[in-house]
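Quick note on labels: first sequence line is chain A, next is B, and so on, each numbered from 1. Values below: every heavy atom of this structure, side chains too, minus hydrogens, waters and symmetry copies.
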Protein chains: 2
Amino acid sequence: MTQRSRELCSCPASILMDVLSGPWTMYILWVLSTSGATRFGALKRRIEGISTKMLTERLRMLEQEGIVYRHYEPTVPPQVTYGLTERAQELVAILDQLNALAQRWYGQEKAQAG
Amino acid sequence: MTQRSRELCSCPASILMDVLSGPWTMYILWVLSTSGATRFGALKRRIEGISTKMLTERLRMLEQEGIVYRHYEPTVPPQVTYGLTERAQELVAILDQLNALAQRWYGQEKAQAG
DNA sequence: CCGTATCCTGTCGGATACTG
DNA sequence: CAGTATCCGACAGGATACGG
């Protein structure tokens with residue numbers, strides 16, 4: 001499993017990959033990078049098919065890695081907004097390269113860079 | 001699951017990510033990039049803990065994506081060697097950046113660039 | 001040596017119901 | 001609205017045995 005490979009490799013890139021590898025993760029990042037900060041409900045609606053559990057799990061993980069921030073507004077009803085951190089920008093830049101490479105390899109269907 | 005997110009995103013990077021996301025995949029690439037072409041048995045020994053099934057699965061997938069090549073020598077006993085393709089070099093270059101980024105984030109324990 | 005085939009288990013993740 | 005708690009089925013992946 002992925003966790004195993006991280007321990008054995010101890011290569012920093014693997015740690016990052018383990019984070020990005022999670023289901024929906026790339027898609028969440030892409031939505032946040034194109035739409036900007038988004039509220040939980042809106043995020044869930046945009047990512048059609050994702051379960052509440054999955055979305056919160058991924059967001060918690062990304063938050064813990066400092067890639068996504070969480071802003072809680074204690075109104076009634078409460079509003080929680082998620083967005084990309086400074087850190088994430090660096091990451092997205094690299095993912096863009098990956099995207100560019102993938103487009104050259106697989107044909108450039110859509111240029112949905114992050 | 002990952003497959004789902006690919007369909008929905010249709011972003012080429014996601015396709016690539018799906019490939020790289022597989023368990024052990026990054027580790028396999030790292031071993032191949034640092035050790036050069038390697039025979040199946042040696043590969044399995046270097047990647048301690050991986051099962052035969054897993055290793056063949058990952059190699060088949062990487063081969064299908066044109067990232068890894070397979071060279072079969074019909075000697076007795078047969079020798080099968082795996083190595084990185086030209087394509088893989090481009091990929092590894094980007095993964096190096098990811099590695100560099102990860103080192104800055106998580107501290108540079110070991111500089112095991114691919 | 002380099003795998004494939006089969007079985008079997010652990011875990012991931014969806015569905016549902018419920019709270020501040 | 002934004003989650004948490006619980007249950008449960010599917011399937012990924014390990015162990016084992018066997019074939020070219």
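- The interatomic distance linking L55(A) (CG) with dG14(C) (P) rounds to 11 Å, in whole Å.
- For the pair E73(B) CD and dG3(C) P, the computed distance is 13 Å after rounding to whole Å.
- The nucleotide whose nearest atom lies closest to any side-chain atom of S51(A) is, among dG14(C), dG3(C), dG13(D), dG14(C).
- In the model, R46(B) has a side-chain atom that pairs as donor or acceptor with a side-chain atom of S35(B) under 3.5 Å.
- Positionally, the nearest nucleotide of DNA chain C for P77(B) lies more toward the 5' end than for the other of M54(A) and P77(B).
- Under 3.5 Å, the side chains of E86(B) and Y69(B) contain no donor-acceptor pair of N or O atoms.
- For the pair R70(A) CZ and dG3(D) C1', the interatomic distance rounds to 8 Å; values are reported in whole Å.
- Here dG13(C) presents its P atom at 11 Å from CH2 of W24(A), a figure rounded to the nearest Å.
- Nearer to the 5' terminus of DNA chain D, by closest-nucleotide assignment, is the contact made by Y72(A) (compared with the other of Y72(A) and E57(B)).
- In terms of phosphate contacts, Y82(A) brings no side-chain nitrogen or oxygen within less than 4.0 Å of OP1 or OP2 of dC1(D).
- Counting heavy atoms from C-beta outward, R58(B) and M61(B) have side chains that approach closer than 4.5 Å.
- Across all strands, R58(A) comes closer than 4.0 Å to no nucleic acid atom at all (heavy-atom distances).
- In this structure, R45(B) does not reach the dC2(C) phosphate: none of its side-chain N or O atoms is under 4.0 Å from OP1 or OP2.
- Under a 4.0 Å N-O distance rule, the pair R104(A)/E90(B) qualifies as a salt bridge.
- With contacts defined as side-chain heavy-atom distances shorter than 4.5 Å, the pair L20(B)/L95(B) qualifies.
- In the set dG3(C), dT6(D), dA15(D), the nucleotide with an atom closest to the side chain of K53(A) is dT6(D).
- Mapping Q79(A) and T52(B) onto DNA chain D by nearest heavy atom places Q79(A) at the nucleotide closer to the 5' end.
- Listed pair R39(B) / dC2(C) meets the phosphate criterion, a side-chain N or O lying under 4.0 Å from OP1 or OP2.
- Regarding contacts with the backbone of dG3(C), a side-chain N or O of R60(B) is found under 4.0 angstrom from either OP1 or OP2.
- E63(A) has its CD atom 13 Å from the C1' atom of dG3(D), to the nearest Å.
- Rounded to an integer number of Å, the gap from R46(A) CZ to dA2(D) P is 14 Å.
- Here the P atom of nucleotide dA15(D) and the NZ atom of K44(B) are 9 Å apart, to the nearest Å.
- Rounded to a whole Å, the CG atom of L59(B) is 11 Å from the C1' atom of dC2(C).
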